[in-house]
Student: 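I am attaching a structure below and will ask some questions about it afterwards.
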Amino acid sequence: MNENLDTLRHSTSHLMAQAVRELYPGVKVAIGPSIETGFYYDFDYEPGFTDEDLVKIEKRMEEIVKADIPIECKRMKREEAVEFFSKAGETYKVELLNDITDPEVNVYTQGSFTDLCRGPHLPSTGKIKAFKLLSLAGAYWRGDEHNKMLTRIYGTAFPDKKALKEYLDFLEEVKKRDHRRIGKDLDLFSVSDETGAGLVIYHPKGALVRYLLEDFERREHLKRGYDFVYGPHILKLDMWKKSGHFENYRENMYFTKIDEVEYGIKPMNCLSHIMVYKSQIRSYRDLPLRYFELGTVSRHEKSGVLHGLMRVREFTQDDAHIFLRPDQLHQEILGIIRFVQDVMKIFGFQFEMEISTRPAKSIGSDEDWERAEAALKEVLDSERLPYDLNEGDGAFYGPKIDIKLKDAIGRKWQCATIQCDFALPERFDLHYMDSDGKRKRPVMLHRVILGAIERFLGVLIEHYGGKFPVWLAPVQVVIMNITDEQEPYVRKIRDAMVDAGIRVEVDTRNEKLGLKIRESVVKKIPYMVIVGKVEMEQNNMTVRVRDGGELKDVATDDFINRVKEENILRR
RNA sequence: GCCGACGUAGCUCAGAGGUAGAGCAGCUCACUCGUAAUGAGCAGGUCGUGAGUUCAAUUCUCACCGUCGGCUCCA
C-alpha cells in the first residue's frame with residue numbers, strides 16, 4: 001500500500017483511540033493498525049459500544065481534528081515505557097512491550113492520549129481530512145480464539161473527501177453485487193432455516209447455471225486426459241482413520257452408524273479415488289492417472305462462518321486426484337496451472353498464487369514435505385510466476401499452491417488449489433511397477449480448478465454483477481409482445497429459437513411494455529426481443545441489448561445466428 | 001464456536017404490554033398499451049421456536065434455531 005495513505009490511516013486510528021479514551025474513561029486500548037481498506041482499533045470496554053457510540057466518537061474525532069493537536073514522538077527506554085503504561089492501566093500495551101526486545105521504543109502523544117507505536121504519524125491531527133467509522137465487531141486479542149474478545153471499531157480514511165466518497169460508493173457497489181441479493185432477484189437459489197444452515201437449495205435457474213458450469217468442466221477435463229470416477233458419500237470410519245482424516249479433521253466431519261458399523265460422511269473425495277487406483281496393479285507406463293469427480297462433500301463449518309454460497313456445509317468440488325511418478329511432478333503441476341489459466345481467462349479473472357507450507361497438525365515425514373514444497377516452488381520459479389509464501393498453512397497431508405482470483409471490482413477469492421501429497425500414497429501403500437521391475441511409490445496431486453461450485457457460482461454472480469455472459473445466462477432471450485394481437489407471432493419466433501438451442505422465455509402477459517422491460521432488466525436477461533404491430537407486419541423484430549443499445553428491423557434468423565454464435569465458447 | 005445487531009405476509013420494511021400495518025408480489029376485474037412499475041377490488045400473518053414473568057406477551061426475561069457485520073477457520 002501507498003506509504004502516505006498508510007500513515008494517514010494509522011494516524012486516524014490513533015485519532016479514534018484518543019476520542020474513545022476521552023469519551024469513555026476506563027477503556028483499555030489494544031492495537032490499531034491501518035489495513036487495506038482503512039483502519040481499526042481494538043478496545044477493551046466492558047459495556048461494549050453501540051452504533052450510537054460510533055456517531056459520538058466520530059463527532060469527537062471531528063473536534064480533535066479541528067483543534068489541530070500536534071502529534072509528538074518520543075524515544076523511551078523499554079522499562080520506562082512499561083512503567084508508564086502500567087501506571088496508565090494499559091495492560092495490553094504492557095503485554096506488547098514484554099514481547100519487544102529493543103532497548104528503546106517509540107511513544108506517540110497527541111493531547112491527552114499517548115500510545116506505544118512504531119509510527120510514523122502525521123505531524124498533527126488537523127492533517128486528517130476525510131474519514132468515516134464503518135462498523136463494530138468482536139475480535140480476539142492477538143487473533144487467538146482462546147484470548148479475550150475485544151471490541152473492534154472499523155473505519156476508513158482518505159486524503160480528501162472525494163476519495164472517501166469513491167470508497168463509500170465502492171461499498172455500495174459491493175452491496176449491489178451481493179450474490180445473496182442477486183440470487184433472490186434472479187431466483188437462482190435459497191438457503192432455508194427449515195432445511196438447515198449452510199445447505200444450498202438450487203432453484204431451476206440456479207440449477208441451470210450450475211449444470212452449464214459442470215458441463216463445461218466435464219468437457220475441459222476430458223480434453224486434458226482426465227478419467228471420470230464416482231465414489232460413495234459415506235465410507236467406513238476405518239478408512240478415515242487410516243487416511244489421517246479422523247485424527248486431523250474430525251471436528252469438521254459428520255458421522256453415522258449402520259448395522260453397528262461406523263461410517264464417516266466424506267469431507268473430501270480422495271479416498272475413493274485412491275480405491276480406484278488400488279483396484280489394479282499399475283505400471284509406470286499407466287501414469288499419470290487423473291481421476292476426476294464432481295464430488296459433493298460435507299464439512300461441519302462453524303456456524304458463524306456460513307455465508308450465502310461462499311461458505312456452506314455441503315458443496316461440490318470439481319475435484320481430481322492425479323497419481324504420478326516423481327519425475328512427472330513438474331509437468332503435471334504445470335499442466336494444472338495451465339488449466340487454471342485457460343479457465344480463468346474464459347471467466348475474465350486474474351489471479352495470484354500462494355504457496356502454503358507444513359502446518360502444526362499434519363502427517364508424513366519432514367523429508368517428504370520438503371520434497372513436495374520444493375516441487376511446487378520449482379514449477380512456479382521456472383515459469384517465473386510470482387507467489388507469496390504462507391508458512392504453516394498447508395493441508396494436513398501436504399503443501400499447496402492456493403490460487404486467489406481477482407474479480408471485476410478487485411476483490412480476491414480463494415478458489416483453485418493444487419496440493420502435493422506423499423503421505424496418503426504411503427498410508428494406503430500405493431505402488432506401481434517401474435521400468436526396473438521394482439515396486440515404487442506414486443505421488444498424489446489433489447487439485448480443484450473452480451474449487452467449490454457453490455463458491456465459484458457466488459463469486460461469478462458478484463464478478464458479473466448478475467449479468468452472466470450469454471453462454472451461462474439461464475435465460476438468454478425474453479420475447480415480449482405489445483398487444484395480444486402479436487401472440488401467435490411471438491410463439492413462432494420462440495419456437496424457432498428453441499429449435500436453435502436458445503434458452504428463451506416469452507412474456508405475453510397483458511401488461512405494459514415498460515413493466516415487462518423493467519422486470520427483464522432486473523433479471524439481467526441479455527436480450528429482450530420486442531414485437532408489436534410494426535414488427536409483425538414486417539416479419540422482423542426489435543432487440544434491446546442488456547448492455548445498452550437497440551437493434552431495429554432484425555430478421556429472426558440473423559438474431560438467432562448471433563445468439564448461437566455467442567453461445568459457443570471460443571478460445 | 002466467540003463478540004455485536006437482528007428475526008413481523010412470498011419480498012422489502014413500519015409498529016406497540018391489551019392479541020397487527022404499508023408497498024411490491026399473488027388472485028379477480030377493467031384497460032390492448034411502443035422501451036425501467038396502468039388502475040380498482042380481494043385475499044394473505046400461531047409476529048423464528050420453546051419456556052418463564054404477567055390478569056394479559058408478538059412486545060419484557062431466558063434458552064434454542066436462523067440471518068447479518070466481524071474474529072478464528074476455510075473450497
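Order of the sequence lines fixes the chain letters, A, B, ..., with proteins taken first and strands second; residue numbering starts at 1 for each chain.
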Student: Between A/R180 and B/G69, is there a contact of a side-chain N or O with OP1 or OP2 at under 4.0 Å?
Tutor: yes
Student: Is the charged tip of A/R9 near the ring of A/F158: under 6.0 Å from the six-membered ring centre and within 45° of its axis?
Tutor: yes
Student: Between A/K302 (NZ) and B/C2 (C1'), how many Å, whole number?
Tutor: 8 Å
Student: Does A/F49 reach a base, just sugar-phosphate, or nothing at all? Heavy atoms under 4.0 Å.
Tutor: nothing
Student: Consider the side chain of A/T483, meaning its heavy atoms from C-beta on, and name the nucleotide among B/C33, B/U72, B/A37 that approaches it most closely.
Tutor: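 Selected nucleotide: B/C33.
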Student: Between A/E511 and A/I482, which has a closest nucleotide on RNA chain B that is more 5'?
Tutor: A/I482
Student: Should A/Y40 be listed as having a side-chain N or O under 4.0 Å from OP1 or OP2 of B/C71?
Tutor: no
Student: Between the base of B/C74 and the side chain of A/R455, is there any donor-acceptor pair under 3.5 Å?
Tutor: yes
Student: Is A/D215 salt-bridged to A/R219, cutoff N-O under 4.0 Å?
Tutor: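 A salt bridge links A/D215 with A/R219.
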Student: Less than 6.0 angstrom from the centroid, inside 45 degrees of the normal: does A/R562 satisfy that with respect to the ring of A/F559?
Tutor: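 Geometry flag: not set, cation outside 6.0 Å or 45°.
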Student: Between B/C74 atom P and A/K412 atom NZ, what is the distance in whole Å?
Tutor: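 Value for this atom pair: 18 Å.
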Student: Please state whether the base of B/G70 and the side chain of A/Y140 form at least one donor-acceptor pair under 3.5 Å?
Tutor: no
Student: Counting the atoms with a prime plus P, OP1 and OP2 as sugar-phosphate, which does A/V448 contact under 4.0 Å by heavy atoms, base, sugar-phosphate, or nothing?
Tutor: nothing
Student: Tell me, what's RNA chain B's dot-bracket, Watson-Crick or G-U with both distances under 3.5 Å, | for other-strand, [ ] crossing?
Tutor: (((((((..((((....[..)))).(((((.......))))).....(((((..]....))))))))))))....
Student: Phosphate oxygens OP1/OP2 of B/C2: is one of them under 4.0 Å from a side-chain N or O of A/H146?
Tutor: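 No, outside the criterion.
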Student: What I want to find out is whether A/E173 reaches A/R177 closely enough, with some N-O distance under 4.0 Å, to be called a salt bridge.
Tutor: yes
Student: Which whole-number value in Å describes the distance from A/I31 CD1 to B/C71 C1'?
Tutor: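 Whole-Å distance recorded here is 12 Å.
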Student: To the nearest 0.5 Å, how far apart are CG in A/D44 and OG1 in A/T151?
Tutor: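 Answer for the CG-OG1 pair, A/D44 versus A/T151, is 7.5 Å.
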Student: For the NZ atom on A/K132, are there more than 12 heavy atoms of other groups (residues, nucleotides or ligands in this structure) within a distance under 6.0 Å?
Tutor: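 No, not enclosed.
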Student: Distance criterion of 3.5 Å, no angle test: do you see the side chain of A/E485 paired donor-to-acceptor with the base of B/U32?
Tutor: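 Check fails, no donor-acceptor contact within cut-off.
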Student: Separation of A/M480 atom CE from B/U32 atom C1', in whole Å?
Tutor: 16 Å
Student: Among the nucleotides B/G69, B/U35, B/A36, which one has an atom lying closest to any side-chain atom of A/V521?
Tutor: B/A36
Student: Report which part of the nucleic acid A/D393 touches: base, sugar-phosphate, or nothing (heavy-atom distance under 4.0 Å, all strands).
Tutor: sugar-phosphate
Student: Mind calculating the distance between CD (A/E354) and C1' (B/C74) to the nearest angstrom?
Tutor: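 For the pair A/E354 CD and B/C74 C1', the rounded distance is 13 Å.
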Student: Any donor-acceptor pair under 3.5 Å joining the side chain of A/E535 to the base of B/G34?
Tutor: yes
Student: Please classify the nucleic acid contact of A/E454 as base, sugar-phosphate, or nothing, using heavy-atom distances under 4.0 Å.
Tutor: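 Contact class for A/E454: none.
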Student: Within the structure shown, what part of the strands sits under 4.0 Å from A/T151 by heavy-atom distance: base, sugar-phosphate, or nothing?
Tutor: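 Since no nucleic acid heavy atom lies under 4.0 Å of A/T151, the category is nothing.
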Student: Looking at B/G1, B/A75, B/U12, which one has an atom nearest to any side-chain atom of A/Q317?
Tutor: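 Among B/G1, B/A75, B/U12, the one nearest the side chain of A/Q317 is B/A75.
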Student: Where the side chain of A/E550 is concerned, which of B/U35, B/A37, B/C71 is the nearest nucleotide?
Tutor: B/U35
Student: Under 4.0 Å between any heavy atoms, over every strand shown, what does A/G514 touch: base, sugar-phosphate, or nothing? Just pick one.
Tutor: sugar-phosphate
Student: Would you indicate what A/E194 reaches in the nucleic acid, counting non-hydrogen atoms under 4.0 angstrom: base, sugar-phosphate, or nothing?
Tutor: nothing
Student: Any stacking of A/F315 on B/A75, going by centres under 5.5 angstrom and planes within less than 30 degrees?
Tutor: yes
Student: Rounded to whole angstrom units, what separation is found between the CZ atom of A/F189 and the P atom of B/U67?
Tutor: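 Checked: the CZ to P distance equals 12 Å.
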Student: Of A/I530 and A/R181, whose nearest nucleotide on RNA chain B comes first from the 5' end?
Tutor: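 So the residue in question is A/R181.
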Student: Indicate, with a heavy-atom threshold strictly under 4.0 Å, whether A/K516 touches base, sugar-phosphate, or nothing.
Tutor: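 Answer is nothing: A/K516 stays at 4.0 Å or more from every strand.
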Student: Are A/K148 and A/E95 ion-paired here, with the side-chain N under 4.0 Å from a carboxylate O?
Tutor: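 Between A/E95 and A/K148 there is no salt bridge, as every charged N stays at least 4.0 Å from the carboxylate O atoms.
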Student: Expressed in angstrom and rounded to an integer, what is the separation of A/E519 atom CD from B/U38 atom C1'?
Tutor: 13 Å
Student: Tell me whether the OP1 or OP2 atom of B/A75 has a side-chain N or O from A/K400 closer than 4.0 Å.
Tutor: yes
Student: For the pair made of CZ in A/R311 and P in B/G1, what is the distance, rounded to whole Å?
Tutor: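 To the nearest whole Å, that distance equals 13 Å.
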Student: Against A/Q317, only a single residue in A/L450, A/I449, A/V297, A/T417 fulfils side chain to side chain contact (heavy atoms under 4.5 Å, CB included); can you say which?
Tutor: A/V297
Student: Would you say CZ of A/R509 has more than 12 non-hydrogen atoms from neighbouring residues, nucleotides or ligands within 6.0 angstrom?
Tutor: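 Correct, the count exceeds 12.
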